Amino acid sequence: MRLGLVVQRYGTDVSGGAELHARQVAEHLTRHADVRVFTTCAHDYLSWRNHYPPGTETLNGVSVERFPVARERDLLDFGRRSELVFGRRHSLDDELAWLDSEGPVSPGLLQRVAAAADEFDYLLVFSIRYHQSYHAALQAPARTVLVPTAERDPTLGLGIFEPLFRNVRGVMYNTPEEQALIEELTGNADVPACVVGVGVDLDRQTSVRRFREAFGVDGPYILYVGRIDANKGCPELFDYMRAYAGTTATPPQLVLIGTPVIPVPADP
């Protein structure tokens with residue numbers, strides 16, 4: 001079997017959840033199928049600035065083709081278009097313009113996916129909210145399996161995505177909750193789907209005691225793992241933690257593992 005995998009960023013030094021998920025899936029599947037990854041040269045998801053050289057390389061046994069991003073994201077333009085599509089009456093053309101502004105726009109990547117549509121039995125397309133994923137899925141919907149990696153996000157309510165979810169070959173969800181959310185919003189319950197997720201390889205040399213000593217963590221703690229960002233719900237997490245801490249004399253510590261995109265409150 002030949003599988004093409006489309007994702008916005010790809011690399012051993014890319015820490016995004018969807019991107020790590022895509023890499024783990026590619027590396028697991030390469031034991032059973034001929035897998036090729038199509039991605040951009042970007043490393044940073046905010047600017048989409050070209051970072052990696054274009055061309056083909058092999059990472060952990062997976063063949064990866066990289067294509068340049070045509071332009072970096074204009075955050076001011078993206079903010080204005082987001083305000084329009086999420087806050088005011090608008091058209092489908094406005095939504096497509098928003099998607100172009102969000103990026104990453106890579107004509108070479110999309111041309112390669114279109115040319116390769118007949119080369120692969122299936123295309124696994126990750127992270128539906130991005131430009132390359134949406135347009136790649138349109139190239140060969142009958143062979144496309146979406147891996148939406150969706151979360152609580154108003155993007156799912158945009159009109160451009162609803163027909164896409166109903167016309168692809170299948171959908172791979174990470175959780176039953178994600179599946180229920182998308183099926184309710186798009187009416188795609190008749191599209192073949194399954195909850196897959198990805199396995200976790202545990203390091204058997206881990207030590208809770210060593211962790212506590214290294215980071216000064218005493219007593220009970222609540223652990224958050226992921227990007228420390230507003231769209232991950234972190235401001236609410238901080239507010240709830242403060243509120244909870246006020247109800248008990250010995251509140252647990254909140255321990256965060258992840259890249260801070262927003263400031264972490266300097267609060268004991």
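Owing to the predicted nature of the structure, the values given are computational and were not obtained by experimental measurement.
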Hphob cluster co-occupancy, [X] + [Y], side-chain heavy atoms under 4.5 angstrom:
{"X": "L124", "Y": "V14", "result": "no"}
{"X": "V264", "Y": "V261", "result": "no"}
{"X": "L156", "Y": "F78", "result": "yes"}
{"X": "M241", "Y": "Y224", "result": "yes"}
{"X": "V7", "Y": "V196", "result": "yes"}

Quick check against the 3.5 Å criterion: does [X] have a side-chain atom that pairs as donor or acceptor with the backbone of [Y]?
{"X": "T247", "Y": "Y244", "answer": "yes"}
{"X": "D44", "Y": "S47", "answer": "yes"}
{"X": "H43", "Y": "D13", "answer": "yes"}
{"X": "D94", "Y": "S91", "answer": "yes"}
{"X": "S101", "Y": "A97", "answer": "no"}
{"X": "R23", "Y": "Y10", "answer": "no"}
{"X": "E178", "Y": "T149", "answer": "yes"}
{"X": "R36", "Y": "G4", "answer": "no"}
{"X": "R73", "Y": "E102", "answer": "yes"}
{"X": "T30", "Y": "V62", "answer": "no"}

Quick one: closest heavy-atom pair of [X] and [Y], and the distance?
{"X": "P107", "Y": "A70", "result": "CD-CB, 3.9 Å"}
{"X": "R9", "Y": "A42", "result": "CG-O, 3.8 Å"}
{"X": "P104", "Y": "Q8", "result": "CG-CB, 4.1 Å"}
{"X": "A230", "Y": "P235", "result": "CA-CD, 3.6 Å"}
{"X": "I262", "Y": "C234", "result": "CD1-CB, 4.1 Å"}

> Would F215 and Y221 count as a side chain to side chain contact (heavy atoms under 4.5 Å, CB included) if you check the C-alpha gap in whole Å, the side-chain angles of each, and the deciding distance to 0.1 Å?
Replying inline: CA-CA 12 Å; F215 297 100; Y221 61 90; over 6 Å; no
Starting at [atom1] of [X], measure out to [atom2] of [Y] and round the result to the nearest 0.5 Å.
{"X": "R143", "Y": "D118", "atom1": "CZ", "atom2": "CG", "value": "5.0 Å"}
{"X": "L237", "Y": "K232", "atom1": "CG", "atom2": "NZ", "value": "13.5 Å"}
{"X": "E184", "Y": "I182", "atom1": "CD", "atom2": "CD1", "value": "11.5 Å"}
{"X": "R112", "Y": "F67", "atom1": "CZ", "atom2": "CZ", "value": "6.0 Å"}
{"X": "Y122", "Y": "L5", "atom1": "OH", "atom2": "CG", "value": "15.0 Å"}
{"X": "R80", "Y": "E83", "atom1": "CZ", "atom2": "CD", "value": "10.0 Å"}

>> In terms of relative ring orientation, are W48 and Y45 parallel, tilted or perpendicular, with 30° and 60° separating the classes?
In response: perpendicular
>> Just to verify, which of W98, F126, F165, F161 counts as forming a ring pair (Phe, Tyr, Trp, His ring centres under 6.0 Å) with Y134?
In response: F161
Can you confirm whether more than 12 heavy atoms, excluding those of [X], are under 6.0 Å from its [atom1] atom?
{"X": "R49", "atom1": "CZ", "answer": "no"}
{"X": "Y240", "atom1": "OH", "answer": "no"}
{"X": "R89", "atom1": "CZ", "answer": "no"}

> Where do R169 and T144 land on the side chain to side chain contact (heavy atoms under 4.5 Å, CB included) test, with the steps shown first?
Replying inline: CA-CA 5 Å; R169 178 66 182 86; T144 293; 5.6 Å; no
>> A cation-pi test, strictly: NZ or CZ of R66 under 6.0 Å from the centre of the six-membered ring of Y52 and no more than 45 degrees from its axis. Yes or no?
In response: yes
Taking the side chain as every heavy atom from C-beta outward, state whether [X] and [Y] have any pair of such atoms under 4.5 Å apart.
{"X": "T56", "Y": "S63", "value": "yes"}
{"X": "D100", "Y": "R71", "value": "yes"}
{"X": "H131", "Y": "L110", "value": "yes"}
{"X": "L181", "Y": "L185", "value": "yes"}

> Do F38 and F120 have ring centroids that are under 6.0 Å from one another?
Replying inline: yes
> Should N174 and H21 be marked as a side chain to side chain contact (heavy atoms under 4.5 Å, CB included) after you check the CA-CA gap, both sets of side-chain angles, and the distance that decides it?
Replying inline: CA-CA 10 Å; N174 279 333; H21 183 191; 2.9 Å; yes
> Are H90 and E95 close enough that a side-chain donor and a side-chain acceptor fall under 3.5 Å?
Replying inline: yes
> Does a side chain donor of either T40 or Q132 reach within less than 3.5 Å of an acceptor in the other side chain?
Replying inline: no
> Step by step, would you call F238 with I228 a side chain to side chain contact (heavy atoms under 4.5 Å, CB included)?
Replying inline: CA-CA 11 Å; F238 300 150; I228 303 168; 4.1 Å; yes
